[in-house]
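Everything on this sheet refers to the single structure shown next.
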Amino acid sequence: MQVFGIDIGGSGIKGAPVDIGTGRLLTERYRIPTPQPATPAAMITTAAEVVAYFAWQGPVGCGFPAVVKGGIVHTAANIDASWIGQDLRQGLSDAIGQSVQVVNDADAAGMAEIRWGAGRDVDGVVLMVTLGTGIGTALFVKGQLVPNTELGHIKIRGKEAEKRAADRVREQKKLTWKEYAARVDEYLDEIERLLWPDLIIIGGGVSSDADKFFPRLSTRAKVVPAQMLNNAGIAGAALAAVAEQAVPAEPPVATTTAEEGRVPTEAQDGSV
Ligand code: BGC
């Protein structure tokens, strides 16, 4: 099955058709710089241009750099504040002329790594961290996504982590790899103090420079670079479009009464 994936980021909007069986892009991706100011109308028009470039007809999934719930954008760290409250799913579907599914960009990248990349067949708690314009996170428990974690915004030395350790900060401040590694390490230490993941996957453009700073990281958990490099966002966005259709609706969970005073058996082993 082929699905079009769009990865909307703070600096670029890129897309390509994806083979959902393998996670491979079927052609080279097409990228347009994110318009500034990154307003809803400008970004939606640009995303539609990326799809039109391929004359694509068919399902479309999109990753977006904000909290996205039920198609609605709820935060705006690296995009225009006017995005808050906007219906991204409806806006994109109207502009593209197809039904579009939308998810957080780091969640999309994480889903791709869990399905096809560095998180494949890994049990336990896996955290994907994307270092780019901001810091995005995707948390998986036994392969199941906990959507919209925003751990790039925890405070380190009184400042948001993404303002200290995003790849954009490395570029802007012209940090050496040693200096940058120290910042990422401090960030991951704090994350580990709070979450205790079993595996950390680092994505974003820097994942291709892993050899320059990974050896300096001192995390307890194993840290690995994303295997799909910069294509995880596009492939995972495409996956989001099928996941909604493929995953059958869960039957309602049996609720317990105070009298019963126990949880249903299925939940006792911690399964999710
Ligand atoms: C946003 C996240 C996003 C991340 C990476 C952060 O500033 O709050 O939603 O995943 O940047 O784009």
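Values in this document were obtained by computation on a predicted structure and should not be read as measured data. In listed order, ligands and their atoms are each counted from 1.
Close approach of ligand 1 to Glu162 is summarised as follows: ligand atoms under 4.0 Å from at least one heavy atom of the residue are 6 (C), 7 (O), 11 (O). Of all the atoms in ligand 1, the ones that sit under 4.0 Å from a non-hydrogen atom of Ala77 are 7 (O), 8 (O). Atoms of ligand 1 lying under 4.0 Å from any heavy atom of His153, numbered from 1 in the order shown and given with element: 1 (C), 6 (C), 7 (O), 8 (O). Close contacts between ligand 1 and Gly136 involve ligand atoms 4 (C), 5 (C), 10 (O) [criterion: under 4.0 Å to a heavy atom]. Atom numbering of ligand 1 starts at 1 in the shown order; those under 4.0 Å from a heavy atom of Ala66 are 9 (O). Near Asn104, the atoms of ligand 1 lying under 4.0 angstrom from a non-hydrogen atom of the residue are 2 (C), 3 (C), 9 (O), 10 (O). Against a heavy-atom cut-off of under 4.0 Å, Glu150 is close to the following atoms of ligand 1: 1 (C), 2 (C), 8 (O), 9 (O).
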- Query: Can Arg24 and Asn231 be said to form a side-chain hydrogen bond (donor to acceptor under 3.5 Å, both in side chains), step by step?
  - Reply: CA-CA 8 Å; Arg24 292 220 183 87; Asn231 290 335; over 6 Å; no

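When the heavy-atom distances from atom 5 (C) of ligand 1 to Thr75, Val68, Asp105 are ranked, the shortest goes to Asp105.
Heavy atoms of other residues, nucleotides or ligands lying less than 6.0 angstrom from CZ of Arg220 number more than 12.
The aromatic rings of Phe213 and Trp177 sit parallel to each other, their planes meeting at less than 30°, with 60° as the upper class boundary.
Heavy-atom separations between Ile135 and ligand 1 include at least one value shorter than 4.0 Å.
In terms of heavy atoms, Val103 sits closest to Ala108 at CG2-CB, 3.8 Å. Between Ala47 and Ile13, the closest heavy-atom pair is CA-CG2, 3.9 Å.
A distance-only check finds no donor-acceptor pair linking the side chain of Asp209 to the backbone of Lys212 [under 3.5 Å].
With respect to the salt-bridge test (charged N to carboxylate O, under 4.0 angstrom), the residues Glu171 and Arg168 do not qualify.
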